[in-house]
Amino acid sequence: MKRNVKAFREKKGGRIVMVTAYDYPTARLAEEAGVDAILVGDSLGNVVLGYEDTRPVKLEEIVHHTAAARRGAKQTFLVADIPYLEDATLERALLASRRLLKEAGADAVKLEGAKVEIVRGLVAAGVPVMGHLGLTPQTASQLGGYRVQGRDLEGARKLLEDALRLEAAGVFALVLEMVPSALARAITERVKVPTIGIGAGGGTDGQVLVFHDLIGVPGDFKPRFVKRYLEGGELIRAALSAYAEDVRAGRFPAPEHAYELEPGVIEALGLG
Ligand code: KIV
């Protein structure tokens with residue numbers, strides 16, 4: 001897929017592949033694997049930085065990690081999350097977008113919730129915005145925790161209305177997180193922009209997964225909607241244990257891992 005918003009929008013009705021990446025090697029591997037888009041999500045907070053949730057993530061941190069991901073994936077469409085409360089006013093959201101787009105090299109920003117006026121203002125200023133509805137981790141506490149959203153009539157109606165309002169405000173795509181499949185499918189059929197699901201079934205225009213969930217690192221988090229493609233946590237732990245055993249047993253480094261002096265140097269220095 002070409003690295004622009006128009007190409008992304010044209011994927012409506014297709015199968016968009018999106019994955020998170022927060023650093024150079026992961027973004028590079030994702031690009032080499034041919035994903036359509038990379039998200040530098042604020043899941044950075046819990047997945048990489050060890051915070052309890054996404055709320056402590058600072059703009060500075062997302063800028064730093066987005067720039068690293070961009071260096072790893074120069075050809076791939078890159079979306080960066082606006083961290084918690086950095087979109088509390090249009091002015092703040094514009095400042096955050098400026099840094100993410102101009103300094104860090106993102107192609108678009110994503111923000112959580114039905115912040116219609118902020119989205120409208122950003123889009124009017126020329127910022128490509130991806131929306132995010134359903135479970136919005138920055139405000140999970142107001143939603144009753146990390147749980148499926150839009151199950152009952154009232155919740156489903158609100159989600160559909162919010163999706164239509166965000167579309168009217170100008171988002172070019174919409175993430176639907178932890179939403180019942182039938183509702184996600186119905187929203188997808190009613191909005192003209194692509195929907196990207198996570199825990200929203202197979203009826204959306206694309207899927208996004210958190211990279212560390214997909215590869216099982218560290219391995220203790222596996223919600224229902226995650227499919228694991230690698231038991232990476234187990235493999236990495238085993239590799240690190242083998243390394244520790246080798247060092248302790250004197251098996252590493254072996255001669256093939258070491259460098260040699262030119263002949264006679266030790267003697268000439270009087271060290272022989
Ligand atoms: O922060 C993130 O990784 C996200 C995805 C789960 C959509 O917002």
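Counting starts at 1 for both ligands and their atoms, following the listed order.
Remark: ligand 1 atoms within the under-4.0 Å shell around heavy atoms of Gly41 are 1 (O), 2 (C), 3 (O). Each of the atoms 3 (O) of ligand 1 lies under 4.0 Å from some heavy atom of Thr20. The Asp81 neighbourhood of ligand 1 comprises atoms 1 (O), 2 (C), 8 (O), with distances under 4.0 Å to a heavy atom of that residue. Every atom of ligand 1 is numbered from 1 in the order shown, and the set under 4.0 Å from a heavy atom of Ile198 is 6 (C). Within ligand 1, the atoms closer than 4.0 Å to a non-hydrogen atom of Ser43 are 1 (O), 2 (C), 3 (O), numbered from 1 in the order shown.
Between Pro194 and Asp205, the closest heavy-atom pair is CA-OD2, 3.2 Å.
A tilted orientation is assigned to the rings of His257 and Phe252, their planes being inclined by 30° to 60°. Aromatic ring orientation, Phe172 versus Phe8: perpendicular (interplanar angle above 60°, classes split at 30° and 60°).
A salt bridge does not link Glu31 to Lys74: none of the charged nitrogens lies less than 4.0 Å from a carboxylate oxygen. By the 4.0 Å N-to-carboxylate-O rule, Lys158 lies too far from Asp152 to be salt-bridged with it.
When heavy-atom distances to ligand 1 are checked against a 4.0 Å cut-off, His132 comes that close only through its side chain, counted from C-beta outward. Of the heavy atoms in Thr54, none comes closer than 4.0 Å to ligand 1. Contact annotation: for Ile196 versus ligand 1, there are no heavy atoms closer than 4.0 Å.
In terms of protein heavy atoms, atom 7 (C) of ligand 1 is closest to Leu39 CD2, 3.8 Å. For atom 8 (O) of ligand 1, the closest non-hydrogen atom of the protein is Lys110 NZ, 2.8 Å.
Rounded to the nearest 0.5 Å, atoms CD (Glu61) and CG (Leu44) are 6.5 Å apart.
Hydrophobic clustering (side-chain heavy atoms under 4.5 Å, transitive across Ile, Leu, Val, Met, Phe, Trp, Tyr) groups Leu183 together with Leu164.
Considering backbone and side-chain N/O of Asp42, one or more are found under 3.5 Å from N/O of ligand 1.
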Margin query: Using the rule given for salt bridge (Lys or Arg N to Asp or Glu O under 4.0 Å), can you reason through Lys6 versus Glu10, listing the C-alpha separation, both sets of side-chain angles and the distance that settles it, and then say yes or no?
Written below: CA-CA 6 Å; Lys6 186 166 175 283; Glu10 283 169 1; 3.0 Å; yes
